[in-house]
Structure formats: C-alpha cells, structure tokens
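The structure appears right after this line, and notes come after that.
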Amino acid sequence: MKPTAKPKTRAKVKPVDTETVGPPPHDTDESAPTEPAKTARTAAAPRASIRDVAEAAGVSLKTVSRVINEDDAVRPEMRERVRQAIAALNYQSDPLARSLRSTHSFAIGLVYSNPNAHYLVSLQNGVLSACREQGYGLQIHPCGTPAHGSIQELLDLVRRSRLAGLVLAPPMSEQRDLVQALAAHGVVVIRIVSAGDDPRDMQDCVRINDRRAAHAVTEHLIQLGHSRISFLWGDGHYESSIQRHAGYMDAMRDYGVEVDPGLVLEGEFNFNSGFRRARKLLALASPPTAVFGSNDEIAAGVLAAARSVGFDVPSDLAIAGFEDSPFSQLTWPPLTTARQDTVEVGRRAALRLIERVRHAQSGKVPTLGAEEFTPELVVRGSAAPPRRR
C-alpha cells in the first residue's frame, strides 16, 4: 500500500530574538452595554497606579509594595485591605518597572538550545502562564549550541536584563558544569531534565521519567505479542534518548525477550532519520514486527518507510513513538505514543523557580529536590498484534 498523504517534514524553528513578555492586558466584558461617549472616556483613562492603591487602602506606598511582593511583615488585616483595593481598581503591576524600583528582580529567563518547534512552543506557553499568574516578566533566550561558552553568555544575560533566575531546558539543563558555574555566581536555576531517578545533586529540577514511560511503551508492544522489536535512538547526547533506550532494555529484560543488536540503531530525533533507518530494517531477511521510535517524528518516518515498501501498518509492522507531538495525530493510522505534558512541565518549572527566588530574597533556606512527571501511554491505531508470516 502507498501512503495516502505526503509525510509532513519537520517544522523549522525560526530563530527567536530575546524578548520580554509582561503580564496580559486587562480583560473586557464585551457583553456589557456601554454608551459611545462613556466608552471613549474609559479607553482614555489611565491605568491605576500603586499610589492609587495606597490611597484607596489608606496605607503607605511601602505597605502596598510589601503586599505585592508577598512580604510576611504586613499584618493580615492590612494585607486584606490592600488586596481589596487592588481588586477594586483592577491594578496590575509592571514587572520591569518593579524591578527597576526595587533591589529585587521580577523577571525570569527561559533558556534553550533545542530545535524542536512543538516542544519549545509548549514549554514557552507553560512558563509564560506561571509568570502571568505570579506577576513576573519572562525573557526568552535561545542559545545556538550548548557549548561551554554559554556560561559567560548566560551570566551576561542575567546581569544585563536583571533576571531573578533561569529555567534551563534540555540539553543545556543536562550540562553539570554549566549549572554549577551559574550556581557559583549566585544565579537561581531550575532545570528540566530527563532522569529515571532523582539526580540528588543538590540542584532543583523538574524531572521527566522517560525511562518508566519507555518501559510502558515497550511493554505494550510485548503484550501484543511482538518479540522482534526494534528501537531507534534519538540524538545520543540527549539524556532523554539515553533514558528511553534504558526503558526499552528494562522491559525486554523484564519479559525475557532477547534483544537483537541489529534492531537497535543510532540516529537523530527527526523524520528523515526514522525513514532511512526503517528502510534498512525492512530490507532485512528477518525484519522486525514492531518499531519503537524515540520520538514521534522518528516514528512518522518509520510509517512512511513501511508504506513505501508495501508494508501494512499495523498488520505487517507495529509502530510506536514518544511525546504525543502533532506528528502522532497527523499520520494514518495515528501513532501509539507516550504523552508528555510539556505545557505543565514548563509551568511547574517556572513556579518552582519563582518560589526559590522568593526564598532567596527573604533569606529562607529552600527545600531542594525534584518534581517528577511521567509521560502516559496513549494507545492508537499504529500498533496491533503481529501477523503470522
């Protein structure tokens, strides 16, 4: 059978300039009737200032500032008065202006060198939602490579933009020398990392248990009846690729299934790499009956290769991917995969960072450790029991 639609190629990531994102604009009630003249006056009215809040609450500017910054020194009844005034005036603080007025910073940075467009957009959305929720600004900073020169680049970024801390995305978050150098210079960092266990390295992180999720995907294929299961690596320098391979090996060992080294191929996290490797596998005298790709782009490439040589999916070849990216649902049949909630991962990483920043500003000792996320198995039409040959 031939594919009914041309396989989609990987989306290119347009270089992102460093930018600052502030809190969202005021919401408006479009359903409320308004008079034209009144609407014009409202549009021209200035935003409420911190001075307006102080006057409405009957307190000093310093007290309002302390409430906004969540200073515990303010009495509960006074704090409530200030909060009521803020709500009544619909006051929203400007993170950049707060940083300039204060010795404390109210902006954080998201640093990445990962070219996966879907992953980056989801991660940015999660971090931004936490910043808006907490009244912080966000500066997005791409790095061309995770090279050692990035240490000085990031130190300059923090100083120049007066950032309170950084969220590091993989693979930069996996560079221990980079993380340790930033910590030695007093930069608060939260890492997003792939790890089967808590790293326990005295550095705070949000941990993705790719190993456990890859075990679940491989287990599903084994329980369908497959024993010749191929594993296609992603980029070898990504910890996520290492962890997913480890999960595959764990499941094969747990079920007593022999691993054929010729079915485990190195490559990259992209469609073309999956296509090329699958063509080699399917040309073998005894090809695999199932292929597990380290991400959905690889798996989509496998699906295209299978159809190009007349293999039916899933009868002749079962296919599974990882991440639940758009590739997993735009193929036919849609891919069995492991769903990774990247938006929530980004949100939790930013909230942990802001919490760490506030602890540092108040002199409190933070509790370090890892918050774990495990991608969930999603069963779709690309995997079925093997056909007898």
Side-chain angles (χ1 to χ4, degrees), residues 1 3-11 114-119 122 194 208 210-211 213-222 224 226 228-236 238 240-245 247-249 251-252 263-282 287-309 311-340 342 375-386:
M1 295 178 64
T4 57
K6 185 177 178 181
K8 294 186 178 291
T9 57
R10 178 181 181 159
N114 187 332
N116 186 311
H118 169 72
Y119 176 82
S122 299
S194 173
I208 315 301
D210 287 321
R211 185 169 185 165
H215 183 287
V217 173
T218 309
E219 180 180 55
H220 175 67
L221 295 174
I222 294 171
L224 286 174
H226 296 278
R228 288 188 59 74
I229 303 173
S230 170
F231 180 83
L232 301 186
W233 279 72
D235 301 68
Y238 277 62
S240 59
S241 193
I242 296 171
Q243 293 294 325
R244 292 169 194 177
H245 175 255
Y248 159 81
M249 295 296 290
M252 298 289 275
L263 301 184
V264 180
L265 303 181
E266 296 183 358
E268 299 175 343
F269 275 124
N270 60 56
F271 179 94
N272 289 333
S273 180
F275 183 90
R276 291 193 300 269
R277 286 179 285 171
R279 287 294 295 261
K280 291 180 181 179
L281 290 169
L282 299 179
T289 63
V291 177
F292 177 12
S294 287
N295 75 349
D296 293 329
E297 289 190 45
I298 293 173
V302 173
L303 176 59
R307 286 185 164 171
S308 74
V309 296
F311 273 58
D312 179 71
V313 176
S315 298
D316 296 324
L317 184 70
I319 302 173
F322 203 100
E323 291 178 1
D324 197 31
S325 72
F327 273 92
S328 68
Q329 299 180 57
L330 295 177
T331 63
W332 186 258
L335 295 172
T336 289
T337 187
R339 177 178 293 134
Q340 180 172 286
T342 307
E376 298 179 354
L377 174 67
V378 178
V379 177
R380 297 196 179 108
S382 66

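- Arg277 places a side-chain N or O within 3.5 Å of a backbone atom of Trp233 that can act as its donor or acceptor partner.
- A search for side chain to side chain donor-acceptor pair (under 3.5 Å) contacts involving Ser294 returns nothing, not counting sequence neighbours.
- His245 contributes no side-chain N or O that, together with a main-chain N or O of Gly234, makes up a donor-acceptor pair within less than 3.5 Å.
- From Arg307, atom CZ reaches atom CG of Asp312 across 8.0 Å, with rounding to the nearest 0.5 Å.
- The line from CG of Leu303 to CD1 of Ile319 is 4.5 Å long, rounded to the nearest 0.5 Å.
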CA sep, side-chain torsions, deciding dist, call: Asn270, Glu268, side chain to side chain donor-acceptor pair (under 3.5 Å): CA-CA 6 Å; Asn270 60 56; Glu268 299 175 343; 3.0 Å; yes
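- In this structure, Glu376 places its CD atom where only 12 or fewer heavy-atom neighbours from other residues, nucleotides or ligands lie under 6.0 Å away.
- A salt bridge between Arg244 and Glu323 is present, with a side-chain N of the basic residue lying under 4.0 Å from a carboxylate O of the acidic one.
- Leu281 approaches Pro288 most closely through the heavy-atom pair O-CD, 3.7 Å.
- When atom types are taken as modelled, the side chain of Ser122 and the backbone of Tyr119 share no donor-acceptor pair closer than 3.5 angstrom.
- Of all heavy-atom pairs spanning Ser325 and Ser328, the tightest one is O-OG, 2.7 Å.
- Thr331 is not listed as a side-chain neighbour of Val313, based on a closest heavy-atom distance of 4.5 Å or more.
- Two residues are said to be in side-chain contact when any heavy atoms from C-beta on lie closer than 4.5 Å; Asp235 and Ser241 fail this criterion.
- By the side-chain contact (heavy atoms from CB on, under 4.5 Å) test, Ser194 pairs with Asp210, Glu239, Ser240, Gln243, sequence neighbours left out.
- Annotation: side-chain contact (heavy atoms from CB on, under 4.5 Å) contacts of Met252 (sequence neighbours excluded): Thr218, Ile222, Ile229, Tyr248, Val257, Val259.
- Proximity of Ser382 to Pro314: side-chain heavy atoms (C-beta onward) are nowhere separated by under 4.5 Å.
- Residues Leu221 and Ala383 come closest through the heavy atom pair CD2-CB, 4.1 Å.
- You'll find the side chain of Asn116 reaches within 4.5 Å of the side chain of Glu297, heavy atoms only.
- A pairwise comparison of heavy atoms in Ala318 and His226 identifies CB-NE2, 3.5 Å as the closest pair.
- For Phe292, the ring pair (Phe, Tyr, Trp, His ring centres under 6.0 Å) partners are Phe231, not counting sequence neighbours.
- With sequence neighbours excluded, the residues satisfying side-chain contact (heavy atoms from CB on, under 4.5 Å) with Arg339 are Asp324, Val378, Arg380.
- Of all non-hydrogen atoms in Ala300 and Phe327, the two that sit nearest each other are CB-CD2, 3.7 Å.
- In terms of the side-chain contact (heavy atoms from CB on, under 4.5 Å) criterion, residue partners of Pro326 (sequence neighbours excluded) are, by chain and number, His118, Leu330.
- Contacts of Phe275 classified as ring pair (Phe, Tyr, Trp, His ring centres under 6.0 Å), with partners at least two apart in sequence or in another chain: none.
- Pairing each heavy atom of Ala338 with each of Val217, the nearest pair is CB-CG2, 4.1 Å.
- Partners of Thr336 under the side chain to side chain donor-acceptor pair (under 3.5 Å) rule, at least two apart in sequence or in another chain, do not exist in this structure.
- Remark: Arg276 CZ to Ile298 CD1 distance equals 11.0 Å, nearest 0.5 Å.
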